[in-house]
Novice: 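One structure coming up, written as structure tokens, with questions to follow.
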Amino acid sequence: MSKIVQTAGRNALGEFSPEFAHFNDDVLFGENWNNQDIDLKTRSIITVVALMSSGITDSSLIFHLQNAKEHGVTQKEIAAIITHVAFYAGWPKGWAVFNLAKEVWQSDEGELPYEDESMRAHAKSMIFPIGKPNNAFAEYFAGQSYLAPISEDQVGIFNVTFEPRCRNNWHIHHAQAGGGQILVCVAGRGYYQEEGKSAIEMKPGDCINIPAGVKHWHGAAPDDWFSHLAIEVPGHECRTQWLDPVNDNEYGNLR
């Protein structure tokens, strides 16, 4: 679980009330929210229910509704939660919270078919689908990967998703002319590395151009899902040569 860091207290009250800012940032969020006795999805739901029951429908509730969504609460789930709490906390409060929740969730988001909360949250963070298990290339990957074809005409474009710690083997894209590959990160965090060079961290929007003939690997960070578009550069007599897996010790040093 990634450590939650909060600075809202110091940003808003650092000079006016540094003690309150300390309790807000370092104790409430720094200690309480990072306690792992309750998972973050459950903690987010409890917080939304507590604020709704207290009649608090300002920016703080919007923040916690967004936080709940980021930690896997679906549109269907938040609708059921608000409806249930409204019977106990008051119908007008339910109306007020629904007006805010509609700004955070779209009515057609529905339920994504992923049981794993982190996978569902990752899927919601990008516009491209995760796709199906990448079984055809499973022997060349350490961990589970997924493949979603985006375009198979003119230029091949595929969204490749890696679960945390998943990466492909060292490999080379060969071509008599042209060829190679372009990677564009669309969600999560991962790495790309060429032989003899340090690994490069990839975040959404980062682009890597891989010429033909370059030995390399790419995959997810140890603690995060990772998705990139793999764009096949047209060339003559293109083929991929799969090589050895990435050394576990070297991968383990990445953060």
Novice: Give a yes or no answer on whether the side chain of N11 reaches the backbone of T7 with a donor-acceptor pair at less than 3.5 Å.
Specialist: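 Yes; judged by distance alone, with no hydrogens or angles, the pair exists.
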
Novice: Please report the shortest heavy-atom distance between V104 and K69, naming the atom on each side.
Specialist: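 Looks like O-NZ, 2.9 Å.
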
Novice: So for atom NZ, which belongs to K132, do other residues, nucleotides or ligands contribute more than 12 heavy atoms lying within a distance under 6.0 Å?
Specialist: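 Open: at most 12 neighbouring heavy atoms sit under 6.0 Å from NZ of K132.
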
Novice: If you measure only the distance, is there a donor-acceptor pair under 3.5 Å linking the side chains of Q176 and H236?
Specialist: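 The answer is no; no qualifying pair exists.
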
Novice: For the pair R165 and D248, find out whether any cationic side-chain nitrogen is under 4.0 Å from an anionic carboxylate oxygen.
Specialist: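 A salt bridge is absent here (no side-chain N lies under 4.0 Å from a carboxylate O).
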
Novice: May I have the step-by-step check of ring pair (Phe, Tyr, Trp, His ring centres under 6.0 Å) for H64 and H71, ending in yes or no?
Specialist: CA-CA 10 Å; H64 284 289; H71 289 109; over 10 Å; no

Novice: Determine the minimum heavy-atom distance between C238 and G179, stating which atoms define it.
Specialist: SG-CA, 4.0 Å

Novice: Carefully, step by step, assess F29 and V5 under the rule side chain to side chain contact (heavy atoms under 4.5 Å, CB included).
Specialist: CA-CA 7 Å; F29 285 95; V5 178; over 6 Å; no

Novice: Of all heavy-atom pairs between T161 and S227, which one has the smallest distance, and what is that distance?
Specialist: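 In this case the closest contact between T161 and S227 is OG1-OG, 2.6 Å.
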
Novice: Supply the atom-to-atom distance N34 CG to L28 CG, rounded to the nearest 0.5 angstrom.
Specialist: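 Reported to 0.5 Å precision, the distance equals 10.5 Å.
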
Novice: If you count the non-hydrogen atoms of other residues, nucleotides and ligands that lie under 6.0 Å from CZ in F98, is the total more than 12?
Specialist: yes

Novice: Would you say T57's side chain and L61's backbone share a donor-acceptor pair under 3.5 angstrom?
Specialist: no

Novice: With side chain to side chain contact (heavy atoms under 4.5 Å, CB included) as the criterion, how do Y146 and M119 come out once you've worked through the C-alpha distance, each side chain's angles and the decisive distance to 0.1 Å?
Specialist: CA-CA 11 Å; Y146 301 83; M119 184 178 184; 3.6 Å; yes

Novice: Please find the pair of heavy atoms, one from C166 and one from F141, that lie closest to each other, and give the distance.
Specialist: SG-CD2, 4.1 Å

Novice: Would you kindly confirm whether M52 and I81 end up in one hydrophobic cluster when ILVMFWY residues are joined by side chain heavy atoms under 4.5 Å apart?
Specialist: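 Looking at the clustering, I81 is in the same group as M52.
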
Novice: Looking at CG of L229 and CZ of F158, how far apart are the two atoms once the value is rounded to the nearest 0.5 Å?
Specialist: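 One finds 11.0 Å between CG of L229 and CZ of F158.
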
Novice: In terms of hydrophobic clustering (I, L, V, M, F, W, Y; side-chain heavy atoms under 4.5 Å; direct or indirect links), are I150 and M202 co-clustered?
Specialist: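 Each belongs to a different hydrophobic cluster.
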
Novice: Main chain of E31, side chain of N35: is a donor-acceptor contact present, judged purely on distance under 3.5 Å?
Specialist: no

Novice: Within the side chain of Q75, is there an N or O that forms a donor-acceptor pair under 3.5 Å with the backbone of A79?
Specialist: no

Novice: Just do the side chain to side chain contact (heavy atoms under 4.5 Å, CB included) check on Y192 and D206 with the steps written out, would you?
Specialist: CA-CA 11 Å; Y192 166 81; D206 290 341; over 6 Å; no

Novice: Count I, L, V, M, F, W, Y as connected when their side-chain heavy atoms are under 4.5 Å apart, and connections chain through other members. Are I78 and V49 then in the same cluster?
Specialist: yes

Novice: Kindly say whether H122 contributes a backbone atom to a donor-acceptor pair with the side chain of S125 at under 3.5 angstrom?
Specialist: yes

Novice: I need the I130 CD1 to L147 CG distance, nearest 0.5 Å.
Specialist: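 I130 CD1 to L147 CG: 12.0 Å, rounded to 0.5 Å.
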
Novice: For the CD1 atom of I231 and the SG atom of C207, what is their distance to the nearest 0.5 Å?
Specialist: 7.0 Å

Novice: With clusters defined by side-chain heavy atoms of hydrophobic residues (ILVMFWY) lying less than 4.5 Å apart, directly or transitively, does W225 cluster with F162?
Specialist: no

Novice: Check for a donor-acceptor pair, side chain of N159 on one end and backbone N or O of P129 on the other, with a separation under 3.5 Å.
Specialist: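 Side chain of N159 to backbone of P129, a donor-acceptor pair under 3.5 Å: yes, one is there.
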
Novice: If I compare all heavy atoms of D223 with all of P164, which pair ends up nearest, and what's the gap?
Specialist: C-CB, 4.3 Å

Novice: Do other residues, nucleotides or ligands put more than 12 heavy atoms under 6.0 Å from the CH2 atom of W242?
Specialist: yes

Novice: Below 4.5 Å, heavy atoms only, C-beta onward: do R167 and Y251 meet side chain to side chain?
Specialist: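 Sidechains of Y251 and R167: in contact.
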
Novice: Output the distance between atom CG (L254) and atom CZ (R189), rounded to the nearest 0.5 Å.
Specialist: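 Between L254 CG and R189 CZ, I get 9.0 Å after rounding to 0.5 Å.
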
Novice: Can you tell me if F63 has over 12 outside heavy atoms packed within less than 6.0 Å of its CZ?
Specialist: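 For F63, atom CZ is crowded (more than 12 foreign heavy atoms under 6.0 Å).
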
Novice: Can you check whether C185's main-chain N or O pairs, donor with acceptor, with K203's side chain at less than 3.5 Å?
Specialist: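 Pair absent, no side-chain N/O of K203 close to backbone of C185.
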
Novice: Does any non-hydrogen side-chain atom of F128 lie less than 4.5 Å from one of I157?
Specialist: no

Novice: One pair to check against side chain to side chain contact (heavy atoms under 4.5 Å, CB included): K41 and R120. What are the steps and the verdict?
Specialist: CA-CA 12 Å; K41 180 178 179 181; R120 187 163 61 239; 3.1 Å; yes

Novice: Are any side-chain N or O atoms of N169 and backbone N or O atoms of L243, one a donor and one an acceptor, separated by less than 3.5 Å?
Specialist: yes

Novice: Should the ring pair H218 and H216 be called parallel, tilted or perpendicular, given that the plane angle runs from 0 to 90° and is split at 30 and 60?
Specialist: parallel

Novice: In terms of relative ring orientation, are Y88 and H84 parallel, tilted or perpendicular, with 30° and 60° separating the classes?
Specialist: tilted

Novice: Side chains of V85 and K93: does their closest heavy-atom pair fall under 4.5 Å?
Specialist: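 The answer is no; the side chains never approach within 4.5 Å.
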
Novice: When rounded to the nearest 0.5 angstrom, what is the spacing between NE2 in H22 and CZ in F20?
Specialist: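 Those atoms lie 12.0 Å apart.
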
Novice: Membership question, hydrophobic clusters at under 4.5 Å side-chain separation (ILVMFWY): are W170 and F226 in the same one?
Specialist: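 No, F226 does not connect to W170 through the hydrophobic network.
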
Novice: Ignoring hydrogens and geometry, is there a side-chain-to-backbone donor-acceptor pair from W105 to V73 under 3.5 Å?
Specialist: yes

Novice: With no hydrogens and no angle check, is any side-chain donor or acceptor of N253 less than 3.5 Å from a backbone partner on N249?
Specialist: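 A pair under 3.5 Å: yes.
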
Novice: Hey, are S60 and D58 close enough side-chain-wise for a donor-acceptor pair under 3.5 Å?
Specialist: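 There is such a pair between these side chains.
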
Novice: Specify the closest pair of heavy atoms between P133 and Q144, including all atoms of both residues, with the distance to one decimal.
Specialist: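 Nearest heavy atoms, P133 then Q144: CB-NE2, 3.6 Å.
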
